Amino acid sequence: MKSYLFTKTDRILKRSEFLFLSKYGTKIHNKLFIAVIDKGKIDKIRIGITVTKKVGNAVVRNRLKRLIREYFRLNKDNISGNWNINLIVKKEAAGLSSKLINSSLHTLFKKIGKEYC
RNA sequence: GAAGUUGUUUAGACGGUCGCUUGUAUUUAUUUAUAAGAGGAAAGUCCGAACACCACAGAGCAGGGUGCUUCAUAACGUGAAGUCGCGGUAACGUGAAGGAAAGUGCAGCAGAAAGUAUACCGCCUUGUUUUUUUUAAGGUAAGGGUGAAACGGUGCGGUAAGAGCGCACCAGUUUUCCGGGUGACCGGGAAAGCUUUGUAAACCCCACCCGGUGCAAGAUCAAAUAGGGGAGCGUAAAAGAAUGAACUGCUCGUUCAGGCUUCCGGGUAGAUCGCAUGAGAUGUCUGGUAACAGGCAUCCUAGAUGAAUGAUCGUCACCUGGCAUAAAAUGUAAAAAAACUGUCAGGAACAGAAUUCGGCUUAUGAGCAGCUUUAACC
RNA sequence: AGGCGCGUAGCUCAGGGGUAGAGCGCUACCUCGACACGGUAGAAGUCGUUGGUUCAAAUCCAAUCGUGCCUA
């Protein structure tokens, strides 16, 4: 049975953790995203999302965050390991449809899987 | 039908699956059930308040704001109804609309002269001269040109030429009388002086208003670290008389301090409250031209904090484009176009609560209604 | 969420009612055997946008659009 839950324990919430990631993590690029990865302490994948003001107004930014969270909720079990991942969204992702973003995330995580898992 | 103008409504609907946030109940260690979950602007942060803390005897100065009248309101720079001015053929729109006869400043260039008035060309008189031209003294502001703006306008009289110098009419100013209006103001009359430039969104004057900071306000709980205060234990050994403090004018000398435990106070990280029952919403009645106010009934309707309200599928509805065509109606010599139906593809604006309300401003899809102007047809 | 600034030549900035300026840069010519330096001349601006006040607005007022900073 797959669990499609996605609670706050699966997410990075504190500013200090974000700063730690940006200091010590390694970066992987894509057309639409930048992923910053580091090993975490808990045996779980934890995800933080960063969307800067450059991307768009509040509606666009919130929509991107929701789409990314939705992707992780559905595909969490396909990714193993205990990683802390910070996803930074680039300007080009604004206004794209959900299908495009999902496929882009899929290729990104294949890349991550090759290098780490 | 077209163009315009004003007001108003709405922000696709329903259902399935998987999720997110909060409340309640239940189990208990995080399950299960159930309820609720963005806007007309949530935006800009341009005003006004509530609320919290700080300051404060009272008054004034400085500084800032507002500025036709009456009303509404908790308050406002907001709203309603009017007045006057301006724009528009009209519907209607729009105005920071007190004071320039309190004072000061400014008005480039051009022009004679930019506010005390003055005199370039011109007009007229007198003197010199045979005459013209020129020139000197004086009187003028009709005419000319400049400028955004030139010191009332028109006509008649008058004069050497002219001039409110005089008169008539008109415009305007001040004072005053009568009538209407709560008032801004409107209508009518009389007198005076003959006429006063513009700018206060320049300083300023007058009237009225304003203490400051903002929920990152503020309150409570409270790890850690540094330092403070109290109490207790220890001051044994080693090292040292170097450091600080007290006693003393100074020196010698004597005493205390450095460590550990615990309590108090303080408040950082963090957590909780503030935090949603309110100048509340909906319906209805009454008063008022209206803004709005009051009565009654019903209802409880988001509360996050790297920040919840999403994704996907189906059905129906709307718009645009392509393709296909049965039947009926209108019309025609015939066709085409439009409409209907089916199917495919695409579209569906502006935009996301962050303490809460009242406004303003800006962005924006669609619909409905009233009114105005006008073409064509009947 | 709340508060405070700044938009002028390609760049950095003056100008705060009378019609647009400085430095660097750019272009042409002179100088030099040639380059640099130097000299002379020139071009380049809807003063962020839209309204209003005024005879006249980069300047005063209002709205708006960008952009930066502060309060953890």
Side-chain angles (χ1 to χ4, degrees):
Chain A
M1 276 290 286
K2 286 181 180 180
S3 71
Y4 295 115
L5 295 171
F6 186 68
T7 55
K8 279 188 177 176
T9 51
D10 299 324
R11 291 164 57 187
I12 302 172
L13 297 173
K14 288 195 176 176
R15 178 169 169 78
S16 55
E17 291 175 313
F18 276 94
L19 288 176
F20 185 85
L21 261 181
S22 67
K23 246 190 176 180
Y24 298 106
T26 52
K27 289 180 184 175
I28 295 178
H29 291 262
N30 196 5
K31 233 185 185 180
L32 306 180
F33 304 98
I34 303 168
V36 182
I37 301 183
D38 194 46
K39 261 203 175 177
K41 290 174 185 171
I42 320 166
D43 193 24
K44 240 184 183 182
I45 282 198
R46 293 167 76 232
I47 283 138
I49 308 165
T50 305
V51 190
T52 57
K53 261 191 180 177
K54 279 182 191 172
V55 175
N57 58 18
V59 174
V60 173
R61 293 199 304 263
N62 276 340
R63 188 185 144 75
L64 283 168
K65 284 188 217 166
R66 282 165 190 158
L67 286 173
I68 292 165
R69 255 183 265 140
E70 189 70 12
Y71 177 84
F72 276 111
R73 189 173 70 76
L74 297 173
N75 299 295
K76 200 170 48 167
D77 293 348
N78 302 336
I79 308 159
S80 59
N82 56 335
W83 306 98
N84 280 342
I85 303 175
N86 181 19
L87 266 183
I88 301 168
V89 181
K90 289 189 186 178
K91 233 186 202 176
E92 288 76 16
L96 292 181
S97 71
S98 59
K99 284 178 186 172
L100 276 171
I101 284 170
N102 279 346
S103 66
S104 173
L105 280 171
H106 194 69
T107 52
L108 181 68
F109 274 94
K110 268 189 178 174
K111 218 176 171 185
I112 291 169
K114 271 183 190 172
E115 296 196 17
Y116 287 91
C117 302

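The structure displayed is predicted, hence computed values, not measured ones. Quick note: numbers below take in every heavy atom, side chains included, and nothing from hydrogens, waters or symmetry partners. In what follows, chains are A, B, ... by sequence order, proteins preceding strands, each numbered from 1.
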Answer for the Watson-Crick or wobble partner of B:rA241, both distances under 3.5 Å, is none

Hunt down the Watson-Crick or G-U wobble partner of B:rG283, both distances under 3.5 Å, from any strand shown, or write none. B:rC296

For B:rG310, does either OP1 or OP2 sit under 4.0 Å from a side-chain N or O belonging to A:N62? no

Mind telling me whether B:rG164 is syn or anti, cutoff 90° either side of 0? syn

Output for pair (A:I88 CD1, A:L32 CG), nearest 0.5 Å, gives 14.0 Å

Regarding A:L67, tell me which of base, sugar-phosphate or nothing describes its non-hydrogen contacts under 4.0 Å with the strands shown. sugar-phosphate

With the 90 degree cut-off around zero defining syn, does C:rG16 come out syn or anti? syn

In this structure, CG of A:N75 is separated from CD of A:E70 (nearest 0.5 Å) by 10.0 Å

If the P atom of B:rG347 is compared with that of B:rA308, how far apart are they to the nearest Å? 27 Å

With both distances kept under 3.5 Å, what pairs with B:rG331, Watson-Crick or G-U wobble? none

Partner nucleotide of B:rG60 by Watson-Crick or wobble geometry (both distances under 3.5 Å): none

Could you classify B:rA38 for me, syn or anti, using a glycosidic angle within 90° of 0 as syn? syn

With syn defined as a glycosidic angle within 90° of 0 and anti as everything else, classify C:rU54. syn

Set of side-chain contact (heavy atoms from CB on, under 4.5 Å) partners for A:K31, sequence neighbours left out: none

How many whole angstroms separate atom CG of A:L74 from atom P of B:rA311? 13 Å

Rounded to the nearest angstrom, tell me the gap between atom CD1 in A:I68 and atom C1' in B:rC20. 16 Å

First encountered from the 5' end of RNA chain B, between A:N102 and A:V60: A:N102

Over all heavy atoms of both residues, which pair between A:G48 and A:N86 is shortest? Give the atoms and the distance, please. O-OD1, 3.2 Å

Return the pairing partner of B:rA136 with a 3.5 Å limit on both distances, Watson-Crick or G-U wobble; otherwise return none. B:rU126

Please give, in whole Å, the distance from B:rU312 P to A:R66 CZ? 13 Å

By nearest heavy atom, map A:N57 and A:N86 onto RNA chain B; which one lands nearer the 5' end? A:N86

Need the pair for B:rU197. Rule: Watson-Crick or G-U wobble, both distances under 3.5 Å, any strand; none if unpaired. B:rA107

So, the side chain of A:K111 versus the backbone of A:H29: is there a donor-acceptor pair under 3.5 Å, distance only? yes

Would you say the side chain of A:R73 and the base of B:rC18 hold a donor-acceptor pair, judged only by whether the two atoms sit under 3.5 Å apart? yes

To the nearest Å, give me how far apart CZ (A:R61) and P (B:rA351) are. 13 Å

A:A58 has a side chain; which of B:rA308, B:rG352, B:rC18 sits nearest to it? B:rG352

Can you measure A:K65 atom NZ to B:rU309 atom C1' for me and round it to whole angstrom units? 14 Å

Nearest whole angstrom, please: distance from the P of B:rA311 to the CG of A:L105. 15 Å

Taking every heavy atom of A:I85 against every heavy atom of A:A35, the minimum-distance pair comes out as CG2-CB, 4.4 Å

Measuring only the C1' atom in each nucleotide, how far is B:rU286 from B:rG37? A whole number of Å is fine. 39 Å

Residue set satisfying side-chain contact (heavy atoms from CB on, under 4.5 Å) with A:I68, at least two apart, ordered chain then number -> A:F33, A:I49, A:F72, A:L87, A:V89, A:L105

So, do A:N84 and A:I37 sit near enough that their side-chain heavy atoms are less than 4.5 Å apart? no

Under a 3.5 Å limit on both distances, the Watson-Crick or wobble mate of B:rU131 is none

Both distances under 3.5 Å, Watson-Crick or G-U wobble: report the partner of B:rG310, or none. B:rC18

Can you name the side-chain contact (heavy atoms from CB on, under 4.5 Å) partners of A:N102, sequence neighbours left out? A:Y71

How many whole angstroms separate atom CZ of A:F72 from atom P of B:rC20? 16 Å

Intra- and inter-strand pairs of RNA chain C in dot-bracket (Watson-Crick or G-U wobble, both distances under 3.5 Å; | for another strand): ((((((((.[[[[.)..(..]]]].(((((.......))))).....[[[[[..)....]]]]]))))))).

Quick note, A:E70 side chain, CB onward, closest among B:rA351, B:rC18, B:rG306 is B:rC18

Please classify the glycosidic conformation of B:rG23 as syn (within 90° of 0) or anti (everything else). anti

Separation of B:rA38 atom C1' from A:R63 atom CZ, nearest Å, is 17 Å

